[in-house]
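Structure record follows, encoded as structure tokens.
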Amino acid sequence: MNDILDFGLDDLSPVDDDSEEAMEALWTGDLTVLSQHHTTPYGSHSFVLAHDRSVTWGIPGEPQLVAIAVARDLRQSTFTFETSHHATASFAQNWLAERGCPLERIALRGGDYIEPADDLTLQVEQQIQKSGTRYEVLDTYTSDDNPSEAWTLVNDSQATQAPVRLFYEEWNQGAGTYTMREGAFTDVGVAQTWLDERSEPLPEPPEYSDHNGAVVRARIARIALSRSAGTSPTPQTGLDAPGASAAVPVQGRLL
């Protein structure tokens with residue numbers, strides 16, 4: 001991890017009020033940088049994924065990860081500044097990718113990051129990272145209590161059945177691992193009932209059991225093979241490498 005964050009904007013002006021407000025609202029001293037990418041050779045763009053420590057002292061359940069995208073117009077001496085808060089790293093990475101950041105440049109690897117517990121976790125994370133604008137985020141929640149978890153509730157624009165999807169991430173502190181699962185619901189109310197009661201397993205998406213399920217299983221098998229062989233089946237992104245999209249250690253859990 002890298003705690004140094006300098007956008008180099010001293011000689012530039014915000015292009016609009018939104019950029020100025022976004023920059024002023026962000027206290028860089030509260031951020032722990034998890035991953036960052038700056039374009040070369042002219043440094044016109046910066047992309048940052050960070051943990052916002054100040055959120056841990058705020059409203060319970062608020063998302064603790066912040067994605068930052070900066071675009072500089074060096075000829076006009078101006079910049080745009082955007083931020084977005086997320087409950088899990090995969091959604092933050094998707095947001096950054098939509099703004100032009102190569103996914104392999106914002107991946108989280110090894111070091112202090114906890115590891116995915118299984119290949120299905122990697123598959124679900126890659127699905128989110130590469131989903132573009134497919135998912136409309138409806139709600140998020142992050143908890144450091146028991147269970148230690150973070151979830152994102154979305155509307156899936158590509159789902160023909162059960163379009164409300166719950167991406168549920170849970171940490172096993174003792175093992176130093178985490179799992180990510182996708183649940184499918186007919187509407188938000190049913191999803192909220194599951195979250196409130198947890199009386200039955202998270203319902204799998206219908207496509208897991210229909211003909212598309214073969215595709216899902218094939219992808220998981222490919223990830224498992226690449227992990228055992230130490231190679232990536234998709235070298236252009238690097239996201240199939242072990243630990244490439246490790247969950248973020250929120251609230252100092254594994255920092």
Side-chain angles (χ1 to χ4, degrees), residues 49 51-52 55-67 82-98 116-173 177-217 219-220 245 247-248 250-251 253:
L49 173 56
H51 176 240
D52 187 347
V55 176
T56 65
W57 305 105
I59 301 172
E62 289 294 289
Q64 299 178 8
L65 304 183
V66 59
E82 295 181 274
T83 64
S84 182
H85 281 80
H86 303 269
T88 63
S90 49
F91 274 98
Q93 290 161 334
N94 168 262
W95 186 89
L96 290 166
E98 283 298 289
D118 54 29
D119 297 313
L120 180 55
T121 293
L122 287 173
Q123 161 63 24
V124 175
E125 287 188 314
Q126 290 173 21
Q127 176 181 312
I128 296 167
Q129 292 161 350
K130 301 175 183 179
S131 63
T133 59
R134 171 179 176 177
Y135 299 121
E136 176 194 4
V137 176
L138 306 174
D139 197 8
T140 69
Y141 191 81
T142 300
S143 171
D144 286 319
D145 296 326
N146 188 16
S148 298
E149 65 182 24
W151 52 259
T152 303
L153 189 66
V154 306
N155 184 66
D156 184 354
S157 63
Q158 295 185 17
T160 57
Q161 303 178 59
V164 174
R165 299 298 168 92
L166 178 69
F167 290 97
Y168 178 77
E169 187 175 274
E170 185 173 13
W171 301 280
N172 183 331
Q173 298 184 50
T177 61
Y178 70 97
T179 57
M180 171 76 86
R181 296 292 186 263
E182 178 184 4
F185 302 89
T186 55
D187 57 50
V188 173
V190 177
Q192 189 59 58
T193 297
W194 185 90
L195 285 166
D196 292 341
E197 298 179 355
R198 313 289 179 97
S199 58
E200 56 186 35
L202 186 66
E204 288 188 344
E207 56 266 26
Y208 279 31
S209 59
D210 64 15
H211 66 281
N212 290 324
V215 177
V216 173
R217 289 188 293 274
R219 288 174 179 171
I220 294 172
S245 56
V248 174
V250 295
Q251 291 199 8
R253 179 178 295 110

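In this text, all values refer to a predicted model and were calculated from it rather than measured experimentally. Residue numbers count from 1 along this sequence.
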Separation between OG of S90 and NZ of K130, rounded to the nearest 0.5 Å: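 Going from OG on S90 over to NZ on K130, the span is 12.5 Å.
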Nearest 0.5 Å, what's the CD-OG1 distance between Q126 and T121?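 That separation rounds to 11.0 Å.
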Applying side chain to side chain contact (heavy atoms under 4.5 Å, CB included) between D144 and each of E149, Q173, Q64, report the one that passes.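 Answer after filtering E149, Q173, Q64: Q64.
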Could you walk me through whether L166 and L202 pass side chain to side chain contact (heavy atoms under 4.5 Å, CB included), step by step? CA-CA 9 Å; L166 178 69; L202 186 66; 3.8 Å; yes
Could you list the residues that satisfy side chain to side chain donor-acceptor pair (under 3.5 Å) with Q192, not counting sequence neighbours?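 Counting only residues at least two positions away or on another chain, Q192 forms a side chain to side chain donor-acceptor pair (under 3.5 Å) with D196.
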Side chain to side chain donor-acceptor pair (under 3.5 Å) against S131, all qualifying residues, sequence neighbours excluded: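 If we apply the side chain to side chain donor-acceptor pair (under 3.5 Å) test to S131, skipping adjacent residues, the hits are N94.
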Test salt bridge (charged side-chain N to carboxylate O under 4.0 Å, His left out) applied to E82 - qualifying residues, sequence neighbours left out: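 For E82, the residues satisfying salt bridge (charged side-chain N to carboxylate O under 4.0 Å, His left out) (neighbours in sequence not counted) are R99.
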Can you list everything that forms a salt bridge (charged side-chain N to carboxylate O under 4.0 Å, His left out) with D156? Sequence neighbours excluded, please.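 R134, R165.
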Partner residues of [X] under the side chain to side chain contact (heavy atoms under 4.5 Å, CB included) criterion, sequence neighbours left out:
X    : answer
A67  : H86, A92, W95, L96
A150 : A87, T88, T142, W171
E200 : W194
P163 : N155, A159

Partners passing ring-ring contact (aromatic ring centres under 6.0 Å, His included) against F167 (at least two apart in sequence or in another chain):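 For F167 the ring-ring contact (aromatic ring centres under 6.0 Å, His included) partners, ignoring immediate neighbours, are F91, Y135.
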What are the two closest heavy atoms between [X] and [Y], and how far apart are they?
X    : Y    : answer
L138 : V154 : CD1-C, 3.8 Å
T140 : P63  : OG1-CD, 3.8 Å
P205 : A184 : CA-CB, 3.5 Å
L122 : P116 : CD2-CG, 3.7 Å

Can you find a pair of side-chain heavy atoms, one from [X] and one from [Y], that are under 4.5 Å apart?
X    : Y    : result
I128 : M180 : yes
L153 : Y141 : no
V66  : H85  : yes
L120 : R181 : yes

Set out, in order, the CA-CA distance, both residues' side-chain angles and the distance that settles side chain to side chain contact (heavy atoms under 4.5 Å, CB included) for E125 and E169, then state yes or no. CA-CA 10 Å; E125 287 188 314; E169 187 175 274; 4.0 Å; yes
